[in-house]
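These notes concern the structure reproduced below.
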2 protein chains.
Amino acid sequence: MKSTIPDTGVPITPPASNGDRQENRHEASLHGEILLRLRDYVVEGNIPEGARVPERQLCEMLGISRTPLREALKVLAAEGLIELLPNRGARVRQLSQRDLEELFDVMAGLESLAGRLACEAITDAEITAIEQLHYEMYGYYLHRDMHGYFQANQRIHESIVAAARNETLKTAYANFAGRIRRVRYSANFARRRQRWAEAMREHEAILDALRRRAGSELSDILFQHLRNKRTAAIEHLTEPQESVPASP
Amino acid sequence: MKSTIPDTGVPITPPASNGDRQENRHEASLHGEILLRLRDYVVEGNIPEGARVPERQLCEMLGISRTPLREALKVLAAEGLIELLPNRGARVRQLSQRDLEELFDVMAGLESLAGRLACEAITDAEITAIEQLHYEMYGYYLHRDMHGYFQANQRIHESIVAAARNETLKTAYANFAGRIRRVRYSANFARRRQRWAEAMREHEAILDALRRRAGSELSDILFQHLRNKRTAAIEHLTEPQESVPASP
DNA sequence: TACCGCTATTTTGCATTCATTTTTTGTCCA
DNA sequence: TGGACAAAAAATGAATGCAAAATAGCGGTA
């Protein structure tokens with residue numbers, strides 16, 4: 001059964017199944033397990049942009065037949081991570097600049113919504129936790145620790161989404177975030193101190209609005225914040241990509 | 001091959017394939033064709049809430065084998081239209097009141113986003129077209145023509161989404177709209193003249209903000225508008241469901 | 001050598017088959 | 001009569017098989 005793997009372009013390393021996330025009850029069946037693992041595999045960028053998804057090879061790698069794999073591929077295609085070419089299998093979807101702009105805007109809309117809803121339901125404790133993250137992030141900012149900064153930043157945004165108390169929104173958010181994650185835009189766009197300082201100010205405004213439970217105001221600020229992020233990211237992408245190697 | 005269909009609970013009438021919509025390139029393959037038809041079949045409410053999706057029966061009805069059907073089912077499950085029970089097949093997803101509230105809020109967020117984006121890109125001609133629809137809708141309102149009213153109303157909202165110039169958003173919007181469509185909330189919630197008149201006023205405010213390209217203002221109005229819709233719909237659902245037959 | 005057309009191999013899409021699990025049916029016994 | 005158990009039937013989940021399509025390989029010709 002466990003046959004040797006013929007060498008092809010794609011690096012073969014079985015992705016570890018991550019802890020459960022969204023998804024109805026997929027994780028129970030083999031198909032669901034495959035779906036989770038394959039999604040992570042793609043999101044983490046293990047297959048280069050626009051490259052074919054080698055069906056047979058993945059089957060051998062995962063030790064399964066083609067049926068459940070193909071089912072998972074169909075789902076990933078519906079999610080927008082890969083695309084299906086008739087009689088030519090699946091390719092990792094290549095996002096055009098336009099696609100990225102669209103995705104960023106949709107993310108902005110979802111976060112903007114999350115902020116609005118969060119204002120209706122968020123507890124003082126949750127706000128305190130976010131403040132905590134904010135100060136933590138500020139520390140990273142001062143120390144120019146970009147990695148830490150982004151981690152804290154992401155957790156703040158996730159906290160806001162969580163405070164919205166809307167699982168449907170959360171799932172949609174995770175889905176779009178996954179599509180974008182393949183693009184390593186965050187790598188160095190904030191090198192510009194200018195933008196970085198701006199972002200910090202925006203985050204302060206976010207916190208302020210959140211404290212006051214000013215829903216529609218927060219909604220505005222979040223949208224604008226994400227819009228600015230988008231601009232920075234896109235600008236970065238169109239410039240010479242100094243430090244965005246295909247596979248590190 | 002074309003065997004006779006054993007009688008079961010589910011009405012067997014092949015759904016006509018509708019014109020293409022979203023979806024990558026699905027429509028080319030058999031699987032994609034099935035996906036489109038099956039989605040419409042479910043969205044149109046041909047299978048009762050919470051009922052099993054009869055695999056074998058659908059295969060016979062569609063004249064295909066189980067493989068492409070099951071692929072389509074997996075996608076529909078990912079879209080949230082049905083749910084997969086391990087070893088017990090698929091069921092049409094039953095939306096709780098909470099689910100509906102969540103869905104409405106997400107729709108509100110997406111439309112709110114659409115309005116904001118539309119203000120950046122909409123042409124005068126498009127605005128004129130929406131005004132046209134608005135007057136048309138007003139006519140239906142005056143004549144108490146609910147069906148016409150809802151049609152015009154839906155076209156207005158779709159026009160706004162279209163004016164946002166964001167295919168990603170449009171697809172997501174269509175997806176969520178489909179999930180809700182199964183619930184025939186619109187049937188008579190607007191019987192209350194009160195709410196109906198309110199909705200008309202809100203629509204006038206929407207148009208006004210759109211004309212002025214007041215993005216964040218429009219965003220607010222749209223969110224509130226949808227929120228009110230949600231409230232009306234949910235209220236309606238929790239009351240004695242006078243005219244919501246399972247299958248007309 | 002570059003280019004074209006032809007055949008062989010691989011890959012894809014779907015149907016079919018097989019092993020389990022679930023559901024139904026039937027029977028026995030209190 | 002009714003309930004518990006067991007066997008039969010059906011359905012599900014995944015593997016395998018097969019025809020059609022696409023890709024790669026190869027030889028011939030200019």
Side-chain angles (χ1 to χ4, degrees), chain A residues 1-10 12 17 23-38 47 50-78 82-93, chain B residues 1-10 12 17 23-38 47 50-78 82-93:
Chain A
M1 288 301 147
K2 217 49 177 308
S3 64
T4 63
I5 295 162
D7 57 340
T8 356
V10 178
I12 300 294
S17 109
E23 236 55 45
N24 307 355
R25 191 164 305 293
H26 279 303
E27 58 287 340
S29 59
L30 177 51
H31 146 266
E33 180 62 24
I34 295 302
L35 177 58
L36 292 176
R37 293 173 64 176
L38 201 56
I47 306 176
R52 288 179 84 119
V53 179
E55 232 174 67
R56 179 166 296 279
Q57 210 169 318
L58 284 173
C59 285
E60 283 164 356
M61 169 175 129
L62 297 164
I64 56 163
S65 81
R66 286 172 54 219
T67 309
L69 181 85
R70 301 184 95 253
E71 288 171 350
L73 288 178
K74 300 293 187 294
V75 173
L76 292 185
I82 64 177
E83 55 190 346
L84 269 24
L85 311 180
N87 291 319
R88 281 140 105 271
R91 294 187 125 79
V92 173
R93 184 159 165 204
Chain B
M1 290 302 147
K2 217 45 174 316
S3 64
T4 62
I5 295 162
D7 58 339
T8 354
V10 179
I12 299 293
S17 108
E23 236 55 44
N24 305 354
R25 190 163 306 292
H26 280 301
E27 58 286 341
S29 60
L30 177 52
H31 146 266
E33 180 62 24
I34 296 302
L35 177 58
L36 292 176
R37 292 175 64 177
L38 200 55
I47 305 177
R52 287 180 86 118
V53 179
E55 231 174 65
R56 176 166 297 280
Q57 210 168 319
L58 284 173
C59 286
E60 284 164 355
M61 167 175 131
L62 297 164
I64 55 164
S65 83
R66 284 172 56 218
T67 309
L69 181 86
R70 301 184 94 253
E71 288 172 350
L73 288 179
K74 299 293 189 294
V75 173
L76 292 185
I82 64 178
E83 54 190 347
L84 269 24
L85 310 180
N87 289 320
R88 283 145 107 259
R91 294 187 124 78
V92 174
R93 186 162 164 203

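Computed from a predicted model, the values in this text were never measured in an experiment. Note: hydrogens, waters and symmetry copies are ignored here, and every other heavy atom, side chains too, is used. Here is how names work: the chains are called A, B, and so on, in the same order as the sequence lines, proteins then strands, and each is numbered from 1.
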Write down the distance between CG (B:Leu62) and P (C:dC14), rounded to a whole number of angstrom.
13 Å
Who pairs with A:Arg56 by side chain to side chain contact (heavy atoms under 4.5 Å, CB included), at least two apart in sequence or on another chain?
A:Glu60
Do the non-hydrogen side-chain atoms of A:Leu58 and A:Ile34 ever get within less than 4.5 Å of each other?
no
A:Arg70 vs B:Thr67 side-chain heavy atoms within contact, under 4.5 Å:
no
Taking only residues two or more places apart in sequence or in another chain, which ones pass salt bridge (Lys or Arg N to Asp or Glu O under 4.0 Å) with A:Arg88?
none
Using a 4.0 Å heavy-atom cut-off, write out nucleotides 8-14 of chain D from 5' to 3' as B (base contacted by protein), S (sugar-phosphate only) or - (no contact).
---SBBS
With a 4.5 Å heavy-atom cut-off, do A:Leu38 and A:Leu69 have their side chains touching?
yes
